[in-house]
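As structure tokens, the structure follows; a few thoughts come after it.
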Amino acid sequence: MPSGPRLEQVTLENVRAACQIRLEPEQEHLVAPVAYSLADAYAAGDIAWPRLVYDGERLVGFVMVAFDPGNPLSLYHCYLWRLNISAGGQGRGYGRFAVSAVAEEAVRRGQHRMTVSYHPGDGGPEGFYARLGFRPTGEHIQDEVVAERMLTPASAT
């Protein structure tokens, strides 16, 4: 088994464990639970790219991207839809790893821009995304700030 963090597909063997991922209690209002995300992925299977974040044998998080380059809204061409890092896994680089791995996949798919939206304010992920190179676009969607990160093969990591 490879050491260090990696992304894995959601399977029958790990889906129940995925649904048990819990955030810090004060973050639960900021992002949908993994079970909701997997329901969204099922309903939008043609664009959703859900992955689990493992460190060795330990499940530490979930990330899901919408790859929808034909969408009339450029926001959704490569959209970081969900990122859930378990309460016990936060602050250890797993979120940074997940976003970098998504960026690599996006570049592989020919994307040059990745977007995300988030709730602004105290306790939110704004600082995290800013440290990863996301900049607010001035747009808002459903009361969330939209931010973007430009991608090149070298910037994906």
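Shown here for Val53 and Ala98, the closest heavy-atom pair between the two residues is CG2-CB, 4.0 Å. Minimum heavy-atom separation, Arg135 to Ala130: NH1-O, 3.0 Å. Contact record, His77 with Pro69: NE2-O, 3.4 Å, taken as the closest heavy-atom pair. Leu38 approaches Pro50 most closely through the heavy-atom pair CD2-CB, 4.4 Å. Between Ala44 and Trp81, the shortest heavy-atom distance links the atoms CB-CH2, 4.0 Å. Nearest approach of Pro136 to Val145, heavy atoms of both residues: CB-CG1, 4.1 Å.
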Working note: Leu83 + Val31, criterion side-chain contact (heavy atoms from CB on, under 4.5 Å); need CA distance, chi angles, decisive distance, verdict.
CA-CA 8 Å; Leu83 178 61; Val31 65; over 6 Å; no
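Leu59 and Phe97 fall into different hydrophobic clusters, where Ile, Leu, Val, Met, Phe, Trp and Tyr residues are linked whenever their side-chain heavy atoms come under 4.5 Å apart, directly or through other members. The hydrophobic clustering, which links ILVMFWY residues whose side-chain heavy atoms are closer than 4.5 Å, places Val60 and Val63 together. Note on Leu52: it does not cluster hydrophobically with Leu80, by side-chain heavy-atom contacts below 4.5 Å among ILVMFWY residues. When hydrophobic clusters are built by joining Ile, Leu, Val, Met, Phe, Trp and Tyr residues whose side-chain heavy atoms come closer than 4.5 Å, directly or via intermediates, Val116 is not grouped with Met64. Under a hydrophobic clustering in which Ile, Leu, Val, Met, Phe, Trp and Tyr are joined whenever their side-chain heavy atoms come within less than 4.5 Å, directly or via other members, Tyr94 and Tyr129 fall into the same cluster.
Counting heavy atoms from C-beta on, the side chains of Met114 and Val99 come closer than 4.5 Å. Arg113 places a side-chain heavy atom less than 4.5 Å from the side chain of Thr137. The closest side-chain heavy-atom distance from Gln90 to Leu23 is below 4.5 Å.
For the atom pair OG (Ser74) and CG (Asp68), the distance works out to 11.5 Å, reported to the nearest 0.5 Å.
Every residue two or more places apart in sequence or in another chain that forms a side chain to side chain contact (heavy atoms under 4.5 Å, CB included) with Pro33 is listed here: Tyr36.
Checking side-chain atoms of Thr115 against main-chain N and O of Glu148 turns up no donor-acceptor pair under 3.5 Å.
At a cut-off of 3.5 Å, with distance as the only test, no side-chain donor of Gln9 or Thr11 sits close to an acceptor on the other residue.
Considering Tyr54, Trp49, Phe62 in turn, Trp49 is the only one that fulfils the side chain to side chain contact (heavy atoms under 4.5 Å, CB included) rule with Leu7.
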What donor-acceptor contacts under 3.5 angstrom involve side-chain atoms of residues 117-128, with partners at least two apart or in another chain?
residue, atom, partner, partner atom, Å
Ser117, OG, Tyr79, OH, 2.5
Ser117, OG, Glu144, OE1, 2.6
His119, NE2, Glu144, OE2, 3.2

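Residue His112 places its NE2 atom among 12 or fewer non-hydrogen atoms of other residues, nucleotides or ligands, all under 6.0 Å distant.
Applying the salt bridge (charged side-chain N to carboxylate O under 4.0 Å, His left out) test to pairs two or more places apart or on separate chains, those with a residue in residues 24-44 are Asp40-Arg82.
Salt bridge status for Arg109 with Glu105: present, with a side-chain N to carboxylate O gap under 4.0 Å.
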